[in-house]
There are 2 protein chains.
Amino acid sequence: MASRLRKAGLRPTRQRLALSSLLFGQGDRHVTAEALHCEAQAAGIELSLATVYNTLHQFTGAGMLRQVTVGGDKAYFDTNTGDHHHFYVDAEQRLIDIPGEKVEVLGLPTPPAGSEVERVDVIVRIKSR
Amino acid sequence: MASRLRKAGLRPTRQRLALSSLLFGQGDRHVTAEALHCEAQAAGIELSLATVYNTLHQFTGAGMLRQVTVGGDKAYFDTNTGDHHHFYVDAEQRLIDIPGEKVEVLGLPTPPAGSEVERVDVIVRIKSR
DNA sequence: CAATACCTTAGAATGATTCTAAACTGAGAA
DNA sequence: TTCTCAGTTTAGAATCATTCTAAGGTATTG
Ligand SMILES: [Mn+2]
Ligand SMILES: [Mn+2]
Ligand SMILES: [Zn+2]
Ligand SMILES: [Zn+2]
């Protein structure tokens with residue numbers, strides 16, 4: 001756990017270890033800064049919201065998280081950094097993973113000259129019927 | 001021009017007519033509220049930023065615009081309401097349309113029971129090489 | 001233990017967006 | 001035309017996610 005942080009050039013502090021455990025201790029997750037902060041508080045871990053933001057960004061920079069943009073007001077951080085896509089449940093502001101292997105995006109035009117594709121995000125917005 | 005607004009249940013006020021003309025007078029556009037407000041000012045049209053927000057949302061509700069979410073801090077409004085996708089140039093925070101007919105997204109799983117697909121958004125994030 | 005670079009954090013600041021409440025105006029009625 | 005009122009605009013305050021600042025705390029190494 002601590003070694004993972006060290007490898008990313010981050011000291012294994014109490015706060016980072018606690019957040020790591022919350023983030024990576026279970027299966028894949030999609031969290032907001034505020035939600036993760038609440039969860040930490042509930043678990044008896046004292047840390048500031050600023051530290052949660054700092055940590056989420058540092059983890060993202062280190063490739064341990066990836067940020068997912070769906071609109072709404074808050075930013076989501078995804079513990080699944082592999083190639084995959086998302087359902088977005090508008091009513092609940094919740095993300096559901098779609099495995100990347102099964103999905104194929106065909107017919108995309110060549111990106112403008114001098115630029116290259118960094119990532120292709122597919123967001124399937126769903127609503128209750 | 002005014003009839004289009006009336007059909008949407010909106011009075012053709014000076015402000016709405018001016019914004020309509022800026023938005024729909026040229027080809028397809030992707031604008032932020034702030035950018036559209038500046039453009040209006042530059043054209044000698046006096047209106048508040050609040051009115052620009054109100055109008056963008058009303059037009060969106062009427063199906064004349066659609067909102068595109070790419071992250072970043074600002075919301076983009078798209079005059080192209082047809083089926084299409086986007087390149088997003090991170091460095092310039094600029095959107096480029098990708099015609100929808102050519103693109104096909106294959107292999108998407110069935111949405112969760114009781115829900116249905118509202119829209120599928122493909123965002124191709126590009127960076128300069 | 002000392003030195004130091006790295007971390008955390010309270011609280012202020014930022015910035016996009018929304019809200020409030022008061023003034024204004026388009027359009028139908030009289 | 002003038003009246004009336006629901007619909008509209010807007011200045012300014014409020015909201016709220018996120019970032020910043022600066023001051024104190026801590027992991028690491030020798
Ligand atoms: Mn467009
Ligand atoms: Mn914001
Ligand atoms: Zn995911
Ligand atoms: Zn578009």
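Labels below follow one simple rule: chain letters A, B, ... track the order of the sequence lines, proteins then strands, and each chain is numbered from 1. Note that this is a predicted model, so its numbers are computed, not measured.
Interatomic distance, CG of A/D28 versus CG of A/N80, reported as 4.0 Å (0.5 Å rounding).
Rounded to an integer number of Å, the gap from CD of A/Q67 to P of D/dA17 is 15 Å. Taking atom CG of residue B/L17 and atom P of nucleotide C/dT25, one finds them 15 Å apart after rounding to whole Å. One atom, NE2 of B/H37, and another, P of C/dA16, lie 13 Å apart when rounded to the nearest Å. Taking atom CG on B/L56 and atom C1' on C/dT18, their separation rounds to 14 Å, with Å as the unit. When the C1' atom of C/dT14 is taken as reference, atom NZ of B/K74 falls 13 Å away, rounded to whole Å. Here C/dT17 presents its P atom at 13 Å from CG of B/N54, a figure rounded to the nearest Å. The interatomic distance linking A/E46 (CD) with C/dA10 (C1') rounds to 13 Å, in whole Å. Distance B/D73 CG to D/dT18 P: 11 Å, rounded to the nearest Å.
At most 12 non-hydrogen atoms from other residues, nucleotides or ligands lie less than 6.0 angstrom from CD of A/E104.
Listed pair A/T51 / C/dT8 fails the phosphate criterion, with no side-chain N or O lying under 4.0 Å from OP1 or OP2. OP1 or OP2 of C/dT18 has not a single side-chain nitrogen or oxygen of B/Y53 nearer than 4.0 Å. Under 4.0 angstrom from either OP1 or OP2 of C/dT17 there lies no side-chain N or O belonging to B/H57. Proximity of A/R14 to the phosphate of D/dG25: no side-chain N or O atom is located under 4.0 Å from OP1 or OP2.
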Could you run down the sub-3.5 Å N/O contacts of the protein with nucleotides 4-8 of chain D?
{"residue": "D/dG7", "atom": "O4'", "partner": "B/R11", "partner atom": "NH2", "Å": "3.2"}
{"residue": "D/dT8", "atom": "OP1", "partner": "B/R11", "partner atom": "N", "Å": "3.1"}
{"residue": "D/dT8", "atom": "OP1", "partner": "B/R16", "partner atom": "NH1", "Å": "2.6"}
{"residue": "D/dT8", "atom": "OP1", "partner": "B/R16", "partner atom": "NH2", "Å": "3.3"}
{"residue": "D/dT8", "atom": "O5'", "partner": "B/R16", "partner atom": "NH2", "Å": "3.4"}

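Positionally, the nearest nucleotide of DNA chain C for A/S48 lies more toward the 5' end than for the other of A/S48 and B/A50.
B/F77 and B/H57 have perpendicular rings, their planes meeting at more than 60° on a 0 to 90° scale where under 30° would count as parallel. Using the six-membered ring where Trp is involved, B/H30 and B/H84 have ring planes that are tilted, between 30° and 60° apart.
Salt-bridge annotation for B/R66 and B/D121: present, with a side-chain N of the basic residue lying under 4.0 Å from a carboxylate O of the acidic one. By the 4.0 Å N-to-carboxylate-O rule, A/E92 lies too far from A/K127 to be salt-bridged with it. We find that A/R14 and A/E46 are not joined by a salt bridge, their nearest charged nitrogen and carboxylate oxygen being 4.0 Å or further apart.
Of the candidates D/dT10, C/dT9, C/dT17, the closest approach to any side-chain atom of A/L47 belongs to C/dT9.
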